[in-house]
Amino acid sequence: VVLTGEGADEIFGGYNIFKEDKVRRFWAEQPDSKYRPLLLSRLYPYILKSQNSLNPFWQSFFKQGLEETDSPYYSHKIRWSNTSKTRLFFEDRIKKYFPNNGFYTELNEFLNPDIYNWHSLNKAQYLETTLFMSGYLLSSQGDRMMMGNSVEGRFPYLDHRVIEYANQLPPEMKINVLNEKYILKETFRELLPEMITNRPKQPYRAPIGQTFLSEDSPDLIKELLGEDKIKKYGYFNQNVCKRLIKQMKVPDKSISAKDDMALAALVSVQLLHYHYIENFKNHNFRLAEIQTIIDLN
């Protein structure tokens, strides 16, 4: 049994996406300002190397939909737009199942309609918690990974009393100017070293390209990323995937998050097909057991 900090960033405003939302709204008040967008350099020093400027590419990137501040999805639309480009790697027959911006209709029906009345930080927290934390962090990176290794997680920040208390806090107690998780840091400042409470936010980033495209990567992965398997399974455009893999194999090349996400999607789908379609019988699943699981759900 282990203690884990999942929920602290979502509940107390720790993620950079929350501060990015705040900066972009500040910038949107004066869209032609040369100085307001420079605040973004303080959020992403590991991406934006220069602290004194924001080059035209990144300025254009963060300026997408800048003045659409009435949208309940304002905080996340840039990320979703960037991620949606992964669909370009699929074959045309697959793309039709992922229409551009088609998911907004489903979102509008799924999310709490009161979201339009909330503070901008609360909107962003709600989206992150509802769509990302529960379905991905606590599932793919949490329960399934831990239980697969006989580990059980305990999540103190997800205690309902902590969440209920945090939801009553004014936004400035969570993000004070650009200081994230402010009340949490102040509460434990006397117990933690200064280097912990004052260190800049730094996300952990999985080395996806290095893992799947190195000489040491598993033979199965090399096989599944080969042109023959990509063509045989038929989900992805061979030429587009070939260019991606070739580009990501270039030594010392800076790999974008978009390319990493595309490779992760490619590997995931290929693995799913290999295990659960091509070699399904080898798993010794019994149809009766599968039907029981379906009935229970």
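The analysis underlying the following values was restricted to heavy atoms, covering all of them including side chains, and did not include hydrogens, waters or symmetry mates.
Using modelled atom types and a 3.5 Å distance limit, the side chains of Y73 and N108 yield a donor-acceptor pair. Judged purely by distance below 3.5 Å, without hydrogens or angles, the side chains of Y157 and E6 never pair a donor atom with an acceptor atom. There is no side-chain donor-acceptor pair under 3.5 Å between Y182 and E172.
Side chain of N149 to main chain of V151: no donor-acceptor pair is present (N/O by atom type, distance under 3.5 Å, no hydrogens or angles). A donor-acceptor pair under 3.5 Å is formed between the side chain of T211 and the backbone N or O of P207. In this structure, the side chain of S81 does not engage the main chain of I78 through any donor-acceptor pair within 3.5 Å. Between the W118 side chain and the N122 main chain, no donor and acceptor come within less than 3.5 Å of each other. A donor-acceptor contact shorter than 3.5 Å is absent between the side chain of R154 and the backbone of V2. Under the 3.5 Å distance criterion, the side-chain polar atoms of R189 are left unmatched by any main-chain donor or acceptor of T197. A distance-only check finds no donor-acceptor pair linking the side chain of D159 to the backbone of F155 [under 3.5 Å]. Side-chain atoms of Q64 do not come within 3.5 Å of backbone N or O of S60 as any donor-acceptor pair. Checking side-chain atoms of T86 against main-chain N and O of T83 turns up a donor-acceptor pair under 3.5 Å. With hydrogens and angles ignored, the 3.5 Å screen pairs a side-chain donor or acceptor of Q270 with a backbone N or O of L224.
A chain of hydrophobic side-chain contacts below 4.5 Å, direct or via other Ile, Leu, Val, Met, Phe, Trp or Tyr residues, connects W58 to L40. Residue M248 is not grouped with residue L88 when hydrophobic side chains (ILVMFWY) are merged at heavy-atom distances under 4.5 angstrom, including chains of intermediate members. Residues F212 and Y235 share a hydrophobic cluster, clusters being chains of Ile/Leu/Val/Met/Phe/Trp/Tyr side chains in contact below 4.5 Å. Hydrophobic clustering (side-chain heavy atoms under 4.5 Å, transitive across Ile, Leu, Val, Met, Phe, Trp, Tyr) keeps Y97 apart from M261. In this structure, L3 is not a member of the same hydrophobic cluster as L137, with clusters built from ILVMFWY side-chain heavy atoms closer than 4.5 Å.
Remark: R24 is not positioned above the aromatic ring of F62, lacking an NZ or CZ atom under 6.0 angstrom from the ring centre and at most 45 degrees off the axis.
Y104 is listed as a side-chain neighbour of L107, based on a closest heavy-atom distance under 4.5 Å. The shortest distance between side-chain heavy atoms of I277 and L272 does not fall below 4.5 Å. Put simply, the side chain of M133 reaches to within 4.5 Å of the side chain of L138, judged on heavy atoms. In this structure, F12 and M173 have side chains that are not in contact, with every pair of non-hydrogen atoms separated by 4.5 Å or more. With a 4.5 Å cut-off on side-chain heavy atoms, L127 and S75 count as touching. Here the side chains of K222 and S217 are in contact, with some heavy-atom distance below 4.5 Å. You'll find the side chain of K63 stays beyond 4.5 Å of the side chain of P37, heavy atoms only. A heavy-atom distance below 4.5 Å is found between the side chains of L178 and V23.
More than 12 heavy atoms of other residues, nucleotides or ligands shown are found within 6.0 angstrom of CD on E186. Atom NZ of K258 is surrounded by 12 or fewer heavy atoms from other residues, nucleotides or ligands within 6.0 Å.
The only option from I208, I245, L244 that meets the side-chain contact (heavy atoms from CB on, under 4.5 Å) definition with D259 turns out to be L244. Remark: of the listed residues E10, K174, H119, K174 is the sole one forming a side chain to side chain donor-acceptor pair (under 3.5 Å) with Q125.
Between F57 and F61, the ring-plane angle classifies as parallel under the 30° and 60° cut-offs.
Under a 4.0 Å N-O distance rule, the pair K229/E278 qualifies as a salt bridge. Ion pair K123/D21 not flagged as a salt bridge, since none of the NZ, NE, NH1 or NH2 atoms sits closer than 4.0 Å to an Asp/Glu carboxylate oxygen. In this structure, E180 pairs ionically with K19, as a charged nitrogen and a carboxylate oxygen lie closer than 4.0 Å. Ion pairing between a basic and an acidic side chain is recognised when a charged N comes within 4.0 Å of a carboxylate O; D228 and K232 show no such pairing.
Between the OH atom of Y233 and the OH atom of Y274 there is a distance of 7.0 Å, given to the nearest 0.5 Å. Distance check: I230 CD1 to L225 CG gives 6.0 Å after rounding to the nearest 0.5 Å. Atoms CG and CG, from L184 and D9 in turn, are 9.5 Å apart once rounded to the nearest 0.5 Å. We find the NE2-OG distance between H273 and S268 to be 15.0 Å, quoted to the nearest 0.5 Å. In this structure, the separation between OH on Y126 and NE2 on H76 is 12.0 Å, given to the nearest 0.5 Å.
Ring to ring, F236 and F89 are not that close: their centroids are 6.0 angstrom or more apart.
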### Task
Evaluate side-chain contact (heavy atoms from CB on, under 4.5 Å) for T130 paired with N112, printing each intermediate quantity in order.
CA-CA 10 Å; T130 305; N112 190 325; over 6 Å; no
### Message
Does R36 form a salt bridge (charged side-chain N to carboxylate O under 4.0 Å, His left out) with E29? I'd like the steps, not just the answer.
### Response
CA-CA 10 Å; R36 294 193 176 203; E29 295 173 3; 3.3 Å; yes
